[in-house]
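Report on the following structure.
Along the sequence shown, the residues carry numbers beginning at 1. Both ligands and their constituent atoms are indexed starting at 1 by order of listing.
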Amino acid sequence: MKRDLDCVFCKIVAGELGCIPVYEDANTLGFMDINPIAPGHTLIIPKHHAETLYDMPDDLLAHVVATTKRVASALRKALNPDGVSLIQANGKGAAQSVLHFHMHIVPRTLGDDLKINWPVVAGDMDEIREVAARVIQALD
Ligand code: DGP
């Protein structure tokens, strides 16, 4: 499994940096986004370091998508949002800020009018922890 020593998500995978996890298996990790654009905003990453979609082995990509479906289903069950968006950025022009492939799962509310280049705002950690606990409870 490839690791980049300077990568913040590789540090999370290695346990060197904390996160609020909601899902983990041998190849993927799901944890709460530290700058949530909506309550329940979650990231799914491969443990293997790959910068973008183009660097992802097909079988690992399929695994990340399967994990994304599983966690999105739990989010839907736990939070009953009006919808869920999956967002995945590749490169500066797409506003990718962490160069380790990741899928955003964003619960949506009718009329929330979210923009694809959202502002970075620190989340309320207690609120994020509380939502994570509800998602874990709803995992099948
Ligand atoms: P993107 O702009 O698509 O590369 O999204 C990166 C996301 O990663 C952004 O929404 C904030 C989140 N993020 C950055 N650093 C950390 C961190 O150390 N912990 C967690 N949980 N999320 C982070």
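Summary of contacts: the protein heavy atom closest to atom 10 (O) of ligand 1 is D33 OD2, 2.6 Å. Looking from atom 18 (O) of ligand 1 to the surrounding protein, the closest heavy atom is V8 CG2, 3.7 Å. Protein heavy atom closest to atom 4 (O) of ligand 1, with residue, atom name and distance, is S97 N, 2.7 Å. Closest to atom 21 (N) of ligand 1, if we only count protein heavy atoms, is M32 O, 2.9 Å. Regarding atom 16 (C) of ligand 1, its nearest protein heavy-atom neighbour is I34 CG2, 3.7 Å. The protein non-hydrogen atom at the shortest distance from atom 14 (C) of ligand 1 is V98 CG2, 3.8 Å.
Side chain of H41 to backbone of V106: no donor-acceptor contact under 3.5 angstrom is found.
Heavy-atom distances between C19 and ligand 1 stay at or above 4.0 Å for every pair. Assignment of H102 to the shell around ligand 1 is supported, since a heavy atom sits closer than 4.0 Å. Under the 4.0 angstrom criterion for non-hydrogen atoms, H104 is in contact with ligand 1.
The atoms of ligand 1 that sit less than 4.0 Å from any heavy atom of Q96 are 4 (O). Of all atoms in ligand 1, listed by their number and element, those nearer than 4.0 Å to a heavy atom of F31 are 20 (C), 21 (N). Atoms of ligand 1 lying under 4.0 Å from any heavy atom of A95, numbered from 1 in the order shown and given with element: 1 (P), 2 (O). In the vicinity of N35, heavy-atom distances shorter than 4.0 Å reach the ligand 1 atoms 11 (C).
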**Request:** Give the intermediate values and the outcome of side-chain contact (heavy atoms from CB on, under 4.5 Å) for residues T28 and Y23.
**Result:** CA-CA 8 Å; T28 61; Y23 178 87; 3.7 Å; yes

**Request:** Might you work through the side-chain hydrogen bond (donor to acceptor under 3.5 Å, both in side chains) test for H63 and D25, ending with a clear yes or no?
**Result:** CA-CA 10 Å; H63 193 123; D25 63 31; 2.9 Å; yes

**Message:** Please evaluate residues F101 and Y54 with respect to the criterion ring pair (Phe, Tyr, Trp, His ring centres under 6.0 Å), reporting the C-alpha separation (whole Å), side-chain torsions for both, the decisive distance (0.1 Å), and the verdict.
**Reply:** CA-CA 9 Å; F101 181 93; Y54 314 110; 9.8 Å; no

**Item:** salt bridge (charged side-chain N to carboxylate O under 4.0 Å, His left out) assessment of E51 paired with K92
**Value:** CA-CA 12 Å; E51 282 195 9; K92 283 199 178 81; over 6 Å; no

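Contacts of I12 with ligand 1, taken as heavy-atom pairs under 4.0 Å, involve the side chain alone. Contacts with ligand 1 closer than 4.0 Å are made by no heavy atom of I87, backbone or side chain.
Residues that satisfy the salt bridge (charged side-chain N to carboxylate O under 4.0 Å, His left out) test with K11, not counting sequence neighbours, are absent from this structure.
Heavy atoms of other residues, nucleotides or ligands lying less than 6.0 angstrom from CG of D82 number more than 12. More than 12 non-hydrogen atoms from other residues, nucleotides or ligands lie less than 6.0 angstrom from CZ of R108.
Taking the six-membered ring for Trp and the full ring otherwise, the centers of H102 and H100 sit at least 6.0 Å from each other.
With salt bridges taken as basic N to acidic carboxylate O contacts below 4.0 Å, one links K115 and D113.
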